[in-house]
Amino acid sequence: MDLDIDAESAAFRDEVRQWLTAHVPTLPSMDTAEGFAAHREWEAQLADARLSVVSWPREYGGRDASLLQWVLFEEEYYAARAPGRVSQNGIFMLGPTLFAHGTAEQRDRILPAMARGEQVWAQAWSEPEAGSDIAALRSSAVRTDGGWLLSGQKTWSSRAAFADRAFGLFRTDPGERRHRGLTYFMFDLRAEGVTVRPIPQLDGEPGFAEIFLDQVFVPDADVIGEPGQGWRVAMTTANNERGLSLRSPGRFLAAANRLVDLWRSTGEPAASRDRVADAWIGARAYQLYTFGTVSRLAEGGQLGPESSVNKLFWSHLDLDLHDTALDILGPAAETDRAWVDGYLFSLAGPIYGGTDQIQRNTIAERLLGLPKEARR
């Protein structure tokens with residue numbers, strides 16, 4: 001692992017920092033119609049500066065930046081307290097999946113609009129009977145002329161209340177075993193037969209939605225990978241979500257630095273000194289771990305089940321960091337929207353992207369080689 005930043009990457013980092021300093025806006029919540037539209041416009045601004053998807057090839061709106069440069073971009077983005085990425089499901093999860101398994105036609109058709117925020121994607125993953133155990137899904141797809149008919153229900157679909165399209169798994173061969181006979185589809189959330197029902201959060205804003213599908217036609221061109229091989233394709237999405245893309249170190253480095261500033265501004269209370277230090281060390285350790293991952297990928301490696309270790313680490317780092325901040329603030333925390341919002345979101349970390357229990361099973365079975373738990 002090389003920790004030295006080359007001159008080209010350092011110049012890129014400085015360019016990003018200067019641009020963000022000049023352009024970062026304050027936007028309404030993306031979980032409102034007004035905020036969602038404003039975040040689309042922000043994505044277009046990023047795209048105009050070729051900062052929306054810096055690691056993508058230039059023909060799709062990127063800069064052909066290295067993974068190290070992407071990590072540096074993310075650090076600067078969070079340090080500048082720039083808006084959340086309304087396109088994150090697409091650019092961080094579906095995008096890498098299309099690069100790995102999609103066709104040239106799919107990439108040409110989908111990626112440029114995704115990069116500009118012209119098409120925002122929802123993650124149609126979980127179902128009422130298949131949350132972390134996604135292989136238990138019941139939504140189905142049946143062959144028809146020129147494509148497929150999708151039916152079923154998806155829930156807890158991020159960004160679906162206002163998004164344009166969605167991606168997810170459907171069972172195309174009910175006679176196969178759990179992880180087989182699944183196919184990975186993209187579909188239009190405004191197509192005939194689709195009903196989107198927003199799910200209000202505690203703050204009343206619809207950060208998620210249920211999606212009901214009744215014989216929704218999807219052409220063959222919107223199948224990613226081979227029919228029946230959806231689980232293998234989905235693991236690319238899941239490994240990116242857990243291991244590198246969705247929660248970059250920049251998020252935790254910025255939060256840890258703010259925590260240190262908070263601790264100092266409140267008189268450096270001795271009772272929380274060790275917890276603040278642990279949070280800062282954890283964020284730095286995650287940064288160094290990511291540099292190691294970037295080095296391995298640059299040498300031709302791939303993300304695999306070790307991403308579950310990563311996911312466990314950052315989800316609990318997020319919880320502990322924000323819990324420490326609220327304890328430092330005491331009663332004043334009730335009026336600090338930024339820390340409270342961050343804390344409430346951190347509570348979901350051990351659930352989304354695969355629960356802690358699922359991650360520990362993956363680590364035990366696929367990394368440590370322990371026997372599978374006997375099913376009753």
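Because only heavy atoms are used, hydrogens play no part in the values below, and waters and symmetry mates are left out as well, while side chains stay in.
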message: Between Leu169 and Val142, is there shared hydrophobic-cluster membership here, with clusters defined by ILVMFWY side-chain heavy atoms closer than 4.5 Å?
response: no
message: What verdict does the salt bridge (charged side-chain N to carboxylate O under 4.0 Å, His left out) test give for Arg40 and Asp164, after you've listed the backbone C-alpha separation in whole Å, the side-chain angles of each residue and the deciding distance to 0.1 Å?
response: CA-CA 12 Å; Arg40 275 191 198 270; Asp164 306 296; 2.9 Å; yes
query: Yes or no on side chain to side chain donor-acceptor pair (under 3.5 Å) for Glu205 and Thr32, after CA distance, side-chain angles and deciding distance?
result: CA-CA 6 Å; Glu205 296 176 356; Thr32 64; 5.7 Å; no
query: Taking the side chain as C-beta and beyond, is there a heavy-atom pair between Gln45 and His23 under 4.5 Å?
result: yes
message: Assess the residue pair Asp6 and Ser9 against the criterion (side chain to side chain donor-acceptor pair (under 3.5 Å)); give the C-alpha distance rounded to whole Å, side-chain angles, the decisive distance to 0.1 Å, and a yes or no.
response: CA-CA 5 Å; Asp6 59 274; Ser9 296; 2.9 Å; yes
- prompt: Would you find a donor on one side and an acceptor on the other, under 3.5 Å apart, between the side chain of Gln106 and the backbone of Val223?
  reply: yes
query: Roughly how far apart are Glu76 CD and Arg17 CZ, rounded to 0.5 Å?
result: 4.0 Å
- prompt: His322 and Asp318: side-chain donor and acceptor closer than 3.5 Å?
  reply: yes
- prompt: Roughly how far apart are Asn89 CG and Arg165 CZ, rounded to 0.5 Å?
  reply: 14.5 Å
message: Can a side-chain donor-acceptor contact be found between Ser157 and Glu210 if the only test is distance below 3.5 angstrom?
response: no
Distance in Å, His39 NE2 paired with Leu27 CG, rounded so as to fall on 0.5 Å steps: 5.0 Å
- request: Report yes or no: does Arg107 contribute a side-chain atom to a donor-acceptor pair with the main-chain N or O of Leu98 at less than 3.5 Å?
  value: yes
task: Could you name each residue pair satisfying ring pair (Phe, Tyr, Trp, His ring centres under 6.0 Å) that touches residues 94-115, not counting sequence neighbours?
output: Trp56-Phe99, Tyr60-Phe99
message: Check for me, please, whether Phe170 and Val216 land in the same ILVMFWY cluster - side-chain distances under 4.5 Å, paths through other members count.
response: yes
- prompt: Is there a donor-acceptor contact under 3.5 Å linking the side chains of Gln287 and Glu75?
  reply: yes
task: Could you tell me whether a side-chain N or O of Arg50 sits under 3.5 Å from a main-chain N or O of Gly62, the two making a donor and an acceptor?
output: yes
- line: CG of Leu317 to CG of Leu312, rounded to nearest 0.5 Å, is 12.5 Å
field: CE-CD distance between Met114 and Gln119, expressed to the nearest 0.5 angstrom
entry: 8.0 Å
- prompt: Under 3.5 Å, is there a donor-acceptor pair between the side chain of Ser308 and the main chain of Thr362?
  reply: no
query: Would you call Arg109 and Asp222 a salt bridge, using N to O less than 4.0 angstrom?
result: yes
message: Centroid separation under 6.0 Å, is that true for the rings of Trp125 and Tyr184?
response: yes
task: Give every residue pair that meets the ring pair (Phe, Tyr, Trp, His ring centres under 6.0 Å) criterion with at least one member in residues 195-222, sequence neighbours excluded.
output: Trp156-Phe208
field: Geometric cation-pi criterion, Arg258 with Trp339: 6.0 Å, 45°
entry: yes
- request: Just do the side chain to side chain donor-acceptor pair (under 3.5 Å) check on Ser139 and Glu127 with the steps written out, would you?
  value: CA-CA 8 Å; Ser139 293; Glu127 298 184 7; 2.8 Å; yes
Connected via hydrophobic side-chain network under 4.5 Å: Tyr343 and Ile351: no
query: Is there a chain of hydrophobic side chains (I, L, V, M, F, W, Y, each step under 4.5 Å between heavy atoms) that links Tyr286 to Trp280?
result: no
- request: Cation-pi check, Arg85 to Tyr77: give yes when NZ or CZ is under 6.0 Å from the six-membered ring centre and within 45° of the ring axis, no otherwise.
  value: yes
query: Are Asp220 and Trp148 close enough that a side-chain donor and a side-chain acceptor fall under 3.5 Å?
result: yes
message: For Ala256 versus Ala279, what's the shortest heavy-atom pair and its separation?
response: CB-O, 4.1 Å
